[in-house]
Amino acid sequence: MDASRDTISDLLLDWYDRNARVLPWRAAPGTPAPEPYRVWLSEVMLQQTTVAAVKDYFARFTARWPQVTDLAAAADEEVMAAWAGLGYYARARNLLACARAVAARGGAFPDTEDELRALPGLGAYTAAAVAAIAFGRRAVVVDANVERVVSRLFALEEPLPGSRPAIRALADTITPDKRAGDFAQAMMDLGATVCTARAPRCLLCPLAGPCKARAQGEPERLPVKAAKKAKPTRQGRAFWIERDDHVWLVRRPDKGMLGGMRALPDDGWIARSDGSGEGPVAGPWESAGRVGHVFTHFALELSLQVHVGRLAGDPPGEGEWWPLDRIDEAGLPTLFAKAARLALAGAGAGAGAGAGAEAA
DNA sequence: AAAGCGTGGAA
DNA sequence: TTTCCAAGCTT
């Protein structure tokens, strides 16, 4: 083959045929596509989330709910608990809504980008990715990897996110009519393993020839990104109410932080910053220590207040007594899983209740 | 359309 | 330790 005639997609697809990562939700290059359900599920899990973090969740979901209709029939609480720890919990609510929408139309995903885009939780990226990977449609798939690769390939100096329209237009020009799914995955593999954010491995790159950033000598400088805001720290309190080897858990509202997830009662650290709120039942409360946790937009220092064995009835409001020996199955998001660990460690530590301890 | 929304791994 | 950041979506 005359190398001078190789297009960027040819170079990349040849590289992909030899270097594709082996992933549980992926078919080997050139083999039939996986079921749309598996492609969609993996794409949603992978939104802003690393491959390493997704693998176990993908295995558990597909073992427990082998078809989209199985997932559609599951109870909300079961799915939310299964998602616990993966983050961005709106994805889990949208996942269920999408599964039920697909089940309602007979259990088959639509096979066009526009129809996919209309489903809950599928934005421009995911709709294009599913259309290309599951259905072989030509679609322009742009995620953070593609943004980085294209920014370097064409040496775009305009900072993100302003450069997105230009990136999309350029990605369109290099997307092939055939093997669009492989092309999309090849771009993402390249971004994940070669054209990395820091210290790109240009010596291994199949696109080093045409890459303008490479020619200019500082590929790691691109893409330029807008400066990030400083992250404030908030204070808050969470309340561990224990009685007869059970702890009182609540369900958080669907909207907002950790929406729809089981949780410990707290003082509303989302809205307020003084962390001095009252507990849901009358005192006395004892301190079990502090839990530090970093969210996307702020860091939280949570003081854990405990109230053990002195309560006659139920605390006010909705909630449930959850058995301590099954606390791992409650599906607590990481912040509250840390708090539970602290409370249980404090109980086992005897006098002092672990006051002042810091959970990792 | 800018901001809100999790988590854990790497450097 | 701190910073960055990963297959984005919604409002």
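Lettering of chains follows the sequences in order, A, B, ..., and the numbering in each one begins at 1. These values consider heavy atoms only, across backbone and side chains, with no hydrogens, waters or symmetry-generated copies.
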So CD of A:Glu147 and OG of A:Ser163: to nearest 0.5 Å the spacing works out to 7.0 Å
What contact category does A:Val146 fall into here, base, sugar-phosphate, or nothing, at under 4.0 angstrom with non-hydrogen atoms?
nothing
Nearest-angstrom distance from the residue atom CE of A:Met188 to P of C:dG8:
9 Å
Near-strand residues of residues 134-142 of chain A, defined as heavy-atom separation under 4.0 angstrom from DNA chain B:
none
Give A:Ala144 one of three labels, base, sugar-phosphate or nothing, depending on what nucleic acid heavy atoms sit under 4.0 Å from its own.
sugar-phosphate
Proximity to the side chain of A:Pro333 - top-ranked nucleotide from C:dA6, B:dA10, B:dT7:
B:dT7
Among B:dG6, B:dT7, B:dG4, which nucleotide sits nearest the side chain of A:His297?
B:dG4
Separation of atom CG in A:Leu300 from atom P in B:dG6, rounded to whole Å:
13 Å
A:Thr31 (side chain) donor-acceptor with A:Ala28 (main chain) under 3.5 angstrom
yes
Find which nucleotide of DNA chain B each of A:Lys229 and A:Phe295 is nearest to by heavy atoms, and output the residue with the more 5' nucleotide.
A:Lys229
Taking only side-chain nitrogens and oxygens of A:Arg148, does any of them come within less than 4.0 Å of OP1 or OP2 of C:dA6?
yes
Using the P atom in both, what is the distance from B:dG8 to C:dC9, to the nearest Å?
22 Å
Which one, C:dT10, B:dA10, B:dC5, comes nearest to the side chain of A:Asn94?
C:dT10
Residue whose closest nucleotide on DNA chain C lies nearer the 5' end, A:Leu122 versus A:Arg21
A:Arg21
Quick check on contacts: within residues 75-90 of chain A, what sits under 4.0 Å from DNA chain B by heavy-atom distance?
A:Gly85, A:Leu86, A:Gly87, A:Tyr88, A:Tyr89
Which nucleotide wins on minimum distance to the side chain of A:Arg91, given the candidates C:dC5, B:dG6, C:dC9?
B:dG6
Rounded distance (nearest 0.5 Å) linking atom CG of A:Asp245 with atom CZ of A:Arg243:
11.5 Å
Tell me whether A:Trp15 contacts the main-chain N or O of A:Asn19 through its side chain, where contact means a donor paired with an acceptor under 3.5 Å.
no
Would the distance check show the side chain of A:Arg148 and the main-chain N or O of A:Gly191 forming a donor-acceptor pair, the cut-off being under 3.5 Å?
yes
Can you find a side-chain donor-acceptor pair between A:Asp10 and A:Thr7 that sits under 3.5 Å?
yes
Strictly by modelled atom types, are A:Thr126 and A:Gln47 linked by a side-chain donor-acceptor pair under 3.5 Å?
yes
Starting at atom CE of A:Met257, determine the distance to atom P of B:dT7, rounded to an integer number of angstrom.
7 Å
With a cut-off of less than 4.0 Å, is there a side-chain N or O of A:His293 near OP1 or OP2 of B:dG6?
no
Rounded to the nearest 0.5 Å, the CD atom of A:Gln235 sits from the CG atom of A:Leu302 at a distance of 9.5 Å
Answer yes or no for A:Arg60 and A:Tyr57: cation-pi contact, defined as NZ/CZ to six-membered ring centre under 6.0 Å and angle to ring axis within 45°.
yes
Expressed as a whole number of angstroms, how long is the span from A:Lys228:NZ to B:dA3:P?
14 Å
Return the residues of residues 30-55 of chain A meeting this criterion: a heavy atom under 4.0 Å from some atom of DNA chain B. Order them by number, or give none.
A:Gln48, A:Thr49
Which is it for A:Trp269 and A:Phe295 under the ring-ring contact (aromatic ring centres under 6.0 Å, His included) test, yes or no, and what are the steps along the way?
CA-CA 12 Å; A:Trp269 45 267; A:Phe295 294 106; 5.7 Å; yes
Return yes if a side-chain donor-acceptor contact under 3.5 Å exists between A:Trp321 and A:Asp314, otherwise no.
yes
B:dT7, OP1 or OP2 - any side-chain N/O from A:Thr334 closer than 4.0 Å?
yes
Mind checking if A:Arg26 touches a base, just sugar-phosphate, or nothing, with heavy atoms under 4.0 Å?
base
Atom pair distance, as rounded to whole Å: CG in A:Leu332 and P in B:dG6
15 Å
Taking C-beta and beyond as the side chain, do A:Glu43 and A:Met45 meet within less than 4.5 Å on heavy atoms?
no
Taking the cut-offs as 6.0 angstrom to the six-membered ring centre and 45 degrees off its axis, would you call A:Arg38 and A:Trp40 a cation-pi pair?
no
Does A:Lys255 place a side-chain N or O at less than 4.0 Å from the phosphate oxygens OP1/OP2 of C:dT10?
no
